[in-house]
Amino acid sequence: MPALLLAITGWEPDAWLERFRAEAKGREVRLWPEIGDPAKIEYACVWKQPAGLLATLPKLKAIFSLGAGVDHLLSDSTLPNVPIVRIVDPDLTCRMTGYVALNALLHQRKMKRYETQQRERVWRDLYEAPAESVRVGIMGMGVLGAAAAEVLRQLGFQVAGFSRSSKTIAGIEAFSGNAEMNAFLGQSDILVCLLPLTAETRGMLCYDLFRRLAQNGVLGGPVLINAGRGGLQVEADILRALDDGTLIGASLDVFEHEPLPETSPFWDHPKIYVTPHNAASSDPKALTKNVMAQIERFEQGLALEHVVDRKLGY
Ligand code: NDP
Ligand code: OXD
């Protein structure tokens with residue numbers, strides 16, 4: 001019987017195993033490290049798989065990332081030459097748009113100050129700039145960035161997007177490439193980062209970039225929201241920028257080192273919202289169906305969808 005291998009580290013694998021066993025009719029589902037006969041494995045579904053593992057599977061036909069990002073996968077230099085598919089799914093997209101909208105609103109509605117007021121039993125209505133006066137710039141206008149942009153637009157924010165290639169999206173001002181980056185940053189009061197981590201984007205969220213954000217906005221200074229990857233940000237630069245007022249607030253879902261070390265100054269920083277890389281968690285129930293539907297399509301001779309470009313790294 002052909003087999004499907006789950007190789008998962010950093011997440012609890014049991015729910016994935018249960019869901020795949022329920023969905024993968026007529027196929028044996030194995031969970032690393034119990035891989036059995038490698039020659040029987042046709043598909044691998046992975047999250048941070050051990051380096052070198054996939055190269056030992058001689059009959060592998062495709063690799064599925066169990067998340068939207070694939071940096072965890074591509075960091076293995078021994079990957080076999082088969083298609084790599086990433087997750088694009090309404091469940092994951094909806095989770096991310098919720099995270100982005102929530103965090104944009106937290107900053108626009110001054111929630112840090114209301115939290116303090118609540119602790120101190122202070123009843124005071126602080127002036128909030130209307131959403132229409134706040135400019136949100138989204139770096140990374142792919143599946144997740146475009147969906148978040150639309151929801152923010154509906155909430156009344158002015159929204160612009162930045163991507164590698166140029167785009168036209170109704171109601172969104174679009175910027176692309178290095179030549180347009182300064183113009184994009186210069187009109188962003190809230191910068192939302194939904195970029196993939198690649199050789200080009202690593203360390204992009206640094207002090208020099210924060211200095212180029214809008215300094216004349218109604219929030220009193222720029223805000224950073226990063227739900228892309230921790231490797232995109234230079235954490236010492238975020239602290240420096242928050243301390244000297246180059247940034248006035250941040251929401252960080254991803255970190256250079258995860259889990260975020262207990263000693264990190266981010267935990268109790270008064271200007272930062274910290275979440276544990278769960279802006280858009282991969283839900284086994286929704287995503288197992290997604291992967292099995294792709295395998296069925298593939299076996300009917302149709303092309304796999306959302307195949308990763310290895311050269312671009314996303
Ligand atoms: P997509 O591949 O659909 O979109 C990526 C976007 O980034 C594209 O618009 C792309 O431009 C742009 N981009 C890539 N490189 C550059 C660059 N050098 N300069 C400017 N723009 C660039 O990915 P998704 O939207 O599905 O996901 C984005 C990322 O979100 C994932 O890679 C992952 O890291 C992160 N993520 C985080 C989660 C969390 O819980 N925190 C959950 C899920 C994903 P172009 O359109 O021109 O190709
Ligand atoms: C993803 C993630 O890439 O969970 O999907 O970060």
Side-chain angles (χ1 to χ4, degrees), residues 8-12 16 45-48 64-75 84-100 102-103 137-151 160-169 172 174-185 188 191-205 209 225-233 251-256 258-260 273-284 286-287 290-291 305-314:
I8 298 173
T9 70
W11 291 347
E12 191 41 66
W16 291 100
C45 303
V46 307
W47 183 255
K48 299 185 181 169
F64 295 86
S65 166
L66 293 176
V70 289
D71 48 298
H72 66 100
L73 232 166
L74 298 179
S75 60
I84 298 173
V85 178
R86 67 190 202 89
I87 289 285
V88 173
D89 188 89
D91 180 272
L92 192 133
T93 302
C94 183
R95 288 169 195 267
M96 185 57 89
T97 49
Y99 170 88
V100 173
L102 168 70
N103 281 276
I138 303 186
M139 284 189 105
M141 284 294 284
V143 173
L144 301 179
E150 179 52 24
V151 169
F162 178 78
S163 49
R164 207 176 41 80
S165 54
S166 67
K167 308 206 179 307
T168 310
I169 305 177
I172 312 286
F175 296 84
S176 61
N178 285 343
E180 295 182 9
M181 195 174 186
N182 276 349
F184 164 77
L185 295 173
S188 295
L191 181 70
V192 176
C193 182
L194 286 171
L195 287 170
L197 180 61
T198 66
E200 264 185 48
T201 62
R202 184 175 288 281
M204 212 177 212
L205 301 175
L209 180 144
I225 299 176
N226 184 15
R229 278 290 181 268
L232 296 163
Q233 70 199 16
S251 293
L252 305 175
D253 182 60
V254 287
F255 300 91
E256 284 173 5
E258 296 180 5
L260 184 64
Y273 289 100
V274 167
T275 46
H277 195 146
N278 70 342
S281 295
S282 289
D283 176 43
L287 304 192
N290 176 312
V291 171
E305 295 176 314
H306 315 303
V307 174
V308 170
D309 181 327
R310 291 191 191 209
K311 273 212 189 89
L312 290 176
Y314 66 97

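Whatever order the structure lists them in is the order used to number ligands and atoms, beginning at 1.
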TODO: Could you check atom 1 (C) of ligand 2 against the protein and tell me its nearest heavy-atom contact, residue, atom and distance included?
DONE: A68 N, 3.3 Å
Open item on the list: Can you confirm, on distance only, whether ligand 2 has an N/O atom lying under 3.5 Å from any N/O atom belonging to W47?
Closed with: no
Open item on the list: Below 4.0 Å, non-hydrogen atoms only: which portion of T201 touches ligand 1? Side chain, backbone, both or neither.
Closed with: side chain
Task: Closest protein heavy atom (residue, atom, distance) for atom 2 (C) of ligand 2 - done: H277 NE2, 3.5 Å
Open item on the list: When you compare ligand 1 with L144, is there at least one nitrogen or oxygen pair between them that comes in under 3.5 angstrom?
Closed with: yes
- [ ] Report the relative orientation of the aromatic rings in W11 and W47; use parallel for angles under 30°, tilted for 30 to 60°, perpendicular for over 60°.
- [x] parallel
Task: atom 26 (O) of ligand 1 [closest protein heavy-atom partner, distance rounded to 0.1 Å] - done: R86 NH1, 2.9 Å
Task: Close approach, T198 and ligand 1, non-hydrogen under 4.0 angstrom - done: no
Open item on the list: Tell me whether ligand 1 is touched by M139 - counting only heavy atoms on the residue side and a distance under 4.0 Å.
Closed with: no
- [ ] Please could you name the atoms of ligand 1 that A227 approaches to less than 4.0 Å, counting only its heavy atoms?
- [x] 35 (C), 36 (N), 37 (C), 38 (C), 39 (C), 41 (N)
Task: G69-ligand 1 polar pair, N/O distance under 3.5 Å - done: no
- [ ] Measure the distances from the heavy atoms of G228 to every atom of ligand 1 and state whether one is below 4.0 angstrom.
- [x] yes
TODO: Could you check if a side-chain atom of R164 sits within less than 4.5 angstrom of a side-chain atom of T198, using non-hydrogen atoms only?
DONE: no
Task: Sidechain-backbone polar pair: R229 side chain, P196 backbone, donor-acceptor under 3.5 Å - done: no
Task: Part of R164 with heavy atoms under 4.0 Å of ligand 1, whether side chain, backbone, both or neither - done: both
TODO: Output yes when the distance from some N or O of ligand 2 to some N or O of G67 is under 3.5 Å, and no in every other case.
DONE: no
Open item on the list: On a heavy-atom basis, I'd like to know which of R229, H72, R95 is closest to atom 3 (O) of ligand 2.
Closed with: R229
Task: Location of contacts on V143 toward ligand 1, heavy atoms closer than 4.0 Å - done: both
Task: K167, portion touching ligand 1 at heavy-atom distance under 4.0 Å - done: side chain
Open item on the list: Could you check whether any side-chain N or O of D91 sits under 3.5 Å from a backbone N or O of C94, counting only pairs where one atom can act as donor and the other as acceptor?
Closed with: no
